[in-house]
*Asks:* 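Right, I'll just put the structure down here and ask away after.
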Amino acid sequence: MEQYLDLVDAVLSGGTYKPNRTGVDTISRFSRHYEIDLREGYPLLTTKRMDGYRWNSMIHEVCWYLSGEEHTRNLREETKIWDAWADDEGRLDTAYGRFWRRYPIPSGDARLEGESWPDESHRWVTEEADGRKTFDQIQYVLDTLSDSPNSRRLVVNAWHPANAAVSTLPPCHYSFVFNVQGDRLNCHLTQRSGDVALGIPFNIAAYSLLTIAIAQQSGFVPGHFAHTIVDAHVYCGTGDRGEWYADNLDELQSRLEDVGAREDYRGVREWVEDTAPAEASDEEGMDHVPGLLEQCAREPLSRPSLEVADVSLSELTAEDVALRDYESHDALTFGVAE
């Protein structure tokens with residue numbers, strides 16, 4: 001998919017060296033945006049393999065979001081993707097789906113003067129077991145698409161400022177908006193932080209799936225998936241390996257300026273691997289630059305298609321989603337910066 005490869009090139013060619021909380025250094029670029037036409041097929045990357053356990057992991061994560069659960073006990077049976085941030089019982093101090101389906105409504109003295117809130121009988125409000133009220137943002141979107149499809153208020157928010165200030169990992173992809181144009185349903189995702197090698201391919205696949213499923217539920221045709229990433233970054237290693245990029249980023253970017261054909265990216269990759277110090281044995285795979293350069297050298301293949309069963313989003317399971325006609329280049333391995 002050209003949009004993804006353009007993102008990779010843009011970050012590496014125009015980014016700055018930026019250490020961060022994980023201890024794995026990055027090449028970071030501010031505010032990247034692109035759009036993908038879902039009419040051209042399902043945008044699962046083909047420049048590296050993303051089926052098998054990778055696909056299984058993503059599908060189960062989306063279904064977990066839609067369940068509204070705040071723990072990973074069911075999710076971890078299929079994927080360990082959230083285990084690093086969960087406690088021994090599988091509970092998370094933040095979770096996307098919890099706020100998608102159960103956004104907390106302040107009560108009593110927590111409400112500021114002049115604010116308006118739905119009462120407990122409102123159709124999108126649920127009373128939790130402990131008496132708290134929550135708001136189902138996904139159902140709000142579905143019902144509004146039925147009642148008032150041209151609404152410009154189809155916003156789903158996973159960000160709570162007070163929670164984000166203290167949680168282990170506040171949401172990276174924190175807000176998305178649906179918008180109808182004619183008979184097409186479009187989705188725009190805003191992401192505060194994006195791991196270009198690992199996270200972004202999953203985000204593209206997950207929110208494209210969500211757009212397709214909601215379009216199907218509401219009688220629309222999938223349109224565009226648009227994506228804005230505030231801090232788009234490529235992890236480039238730890239210790240001497242990471243610091244090498246601080247000293248050699250200008251040279252890397254000069255070599256990328258000279259790229260004229262896909263094969264030229266492999267020449268840049270060979271220069272990195274021949275020149276940069278070796279990664280520490282316990283940190284191998286944390287430098288994502290070589291693998292991304294290899295992807296840029298590969299020709300994208302035809303997009304696959306996606307079939308989603310006509311079931312309620314609350315009841316959607318991995319068995320209800322089928323990937324068809326997927327072909328890809330070989331797999332690449334990237335380490336996860338926690």
Side-chain angles (χ1 to χ4, degrees), residues 1-36 43 45 47-48 169-174 189-204 226-279 283-298 300 332-338:
M1 190 173 57
E2 294 290 350
Q3 294 93 327
Y4 176 74
L5 299 182
D6 289 344
L7 172 67
V8 172
D9 184 89
V11 174
L12 293 179
S13 296
T16 59
Y17 173 76
K18 187 176 179 181
N20 64 95
R21 64 160 185 88
T22 68
V24 185
D25 298 338
T26 67
I27 299 170
S28 167
R29 189 155 186 192
F30 172 67
S31 191
R32 296 290 90 194
H33 177 83
Y34 57 88
E35 296 184 16
I36 298 169
L45 292 194
T47 49
K48 68 173 182 178
L169 184 66
C172 294
H173 36 108
Y174 68 90
L189 172 66
T190 303
Q191 188 159 346
R192 64 172 178 86
S193 174
D195 172 353
V196 172
L198 280 176
I200 298 301
F202 270 76
N203 302 143
I204 294 170
H227 195 185
T228 298
I229 312 161
V230 178
D231 188 306
H233 53 266
V234 171
Y235 285 103
C236 59
T238 63
D240 292 342
R241 180 75 170 215
E243 292 174 2
W244 178 86
Y245 283 96
D247 298 330
N248 293 274
L249 186 56
D250 287 346
E251 177 64 20
L252 171 63
Q253 292 175 342
S254 176
R255 289 173 179 267
L256 288 171
E257 284 183 6
D258 293 336
V259 166
R262 291 199 183 281
E263 183 62 32
D264 296 340
Y265 285 104
R266 288 200 176 96
V268 180
R269 175 181 180 172
E270 291 171 1
W271 170 76
V272 169
E273 293 181 327
D274 291 344
T275 309
E279 291 188 88
E283 297 288 350
E284 289 184 1
M286 291 301 181
D287 181 2
H288 296 175
V289 175
L292 287 171
L293 291 171
E294 172 60 29
Q295 280 188 257
C296 287
R298 296 173 173 179
L332 294 167
T333 301
F334 299 100
V336 178
E338 297 177 357

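Counting from 1, the numbers follow the sequence of the chain as shown. FYI, side chains are in, hydrogens and waters are out, and symmetry mates aren't considered; it's all heavy atoms of this structure.
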*Asks:* Would a 4.5 Å heavy-atom cut-off, applied to side chains only, mark Tyr235 and Leu198 as touching?
*Replies:* no

*Asks:* Mind checking the CD-CG spacing from Gln253 to Asp9? Nearest 0.5 Å is all I need.
*Replies:* 10.0 Å

*Asks:* Just verifying a value: how many Å separate Glu270 CD and Glu294 CD, rounded to the nearest 0.5 Å?
*Replies:* 9.5 Å

*Asks:* Contact between Ile27 and Leu252 at the side-chain level, heavy atoms closer than 4.5 Å - yes or no?
*Replies:* yes

*Asks:* Side-chain contact test, heavy atoms from C-beta onward, threshold under 4.5 Å: evaluate it for Thr16 versus Phe30 and give yes or no.
*Replies:* no

*Asks:* Could you tell me whether the side chains of Tyr17 and Asp25 share a donor-acceptor contact shorter than 3.5 Å?
*Replies:* yes

*Asks:* With no hydrogens and no angle check, is any side-chain donor or acceptor of Thr26 less than 3.5 Å from a backbone partner on Lys18?
*Replies:* yes

*Asks:* What I'd like to find out is whether the side chain of Val234 reaches to under 4.5 Å of the side chain of Val289, using heavy atoms alone.
*Replies:* yes

*Asks:* So how far is it from Trp244 CH2 to Glu279 CD, rounded to the nearest 0.5 Å?
*Replies:* 12.0 Å

*Asks:* State whether the side chain of Asp258 and the backbone N or O of Arg255 hold a donor-acceptor pair below 3.5 Å, judged by distance alone.
*Replies:* no

*Asks:* The criterion is side chain to side chain donor-acceptor pair (under 3.5 Å); which residues satisfy it with Gln3, sequence neighbours excluded?
*Replies:* none

*Asks:* Kindly compute the distance separating OG1 (Thr22) from NE2 (His233), expressed to the nearest 0.5 Å.
*Replies:* 7.5 Å

*Asks:* How long is the gap from CE on Met1 to OH on Tyr34, to the nearest 0.5 Å?
*Replies:* 6.0 Å

*Asks:* Donor-acceptor pair, distance only, cut-off 3.5 Å: does the side chain of Arg192 make one with the backbone of Pro170?
*Replies:* yes

*Asks:* Under 3.5 Å, is there a donor-acceptor pair between the side chain of Arg262 and the main chain of Cys296?
*Replies:* yes

*Asks:* Just by modelled atom types, is the Val196 backbone N or O under 3.5 Å from a matching donor or acceptor in the Tyr4 side chain?
*Replies:* yes

*Asks:* Once you round to the nearest 0.5 Å, how far does NE2 of His33 lie from CD of Gln191?
*Replies:* 13.5 Å

*Asks:* Mind checking whether Gln295 and Leu332 have side chains closer than 4.5 Å, heavy atoms only?
*Replies:* yes

*Asks:* Do you know the tightest heavy-atom contact between Thr47 and Arg298?
*Replies:* O-NH1, 2.8 Å

*Asks:* With side chains defined as the heavy atoms from C-beta onward, is the minimum distance between Leu12 and Leu293 less than 4.5 Å?
*Replies:* yes

*Asks:* Below 4.5 Å, heavy atoms only, C-beta onward: do Cys236 and Asp287 meet side chain to side chain?
*Replies:* yes

*Asks:* Does Arg32 reach the main-chain N or O of Leu7 with its side chain, forming a donor-acceptor pair under 3.5 Å?
*Replies:* no

*Asks:* Can you tell me if His288 uses its side chain to pair, donor with acceptor, with the backbone of Gly335 under 3.5 Å?
*Replies:* yes

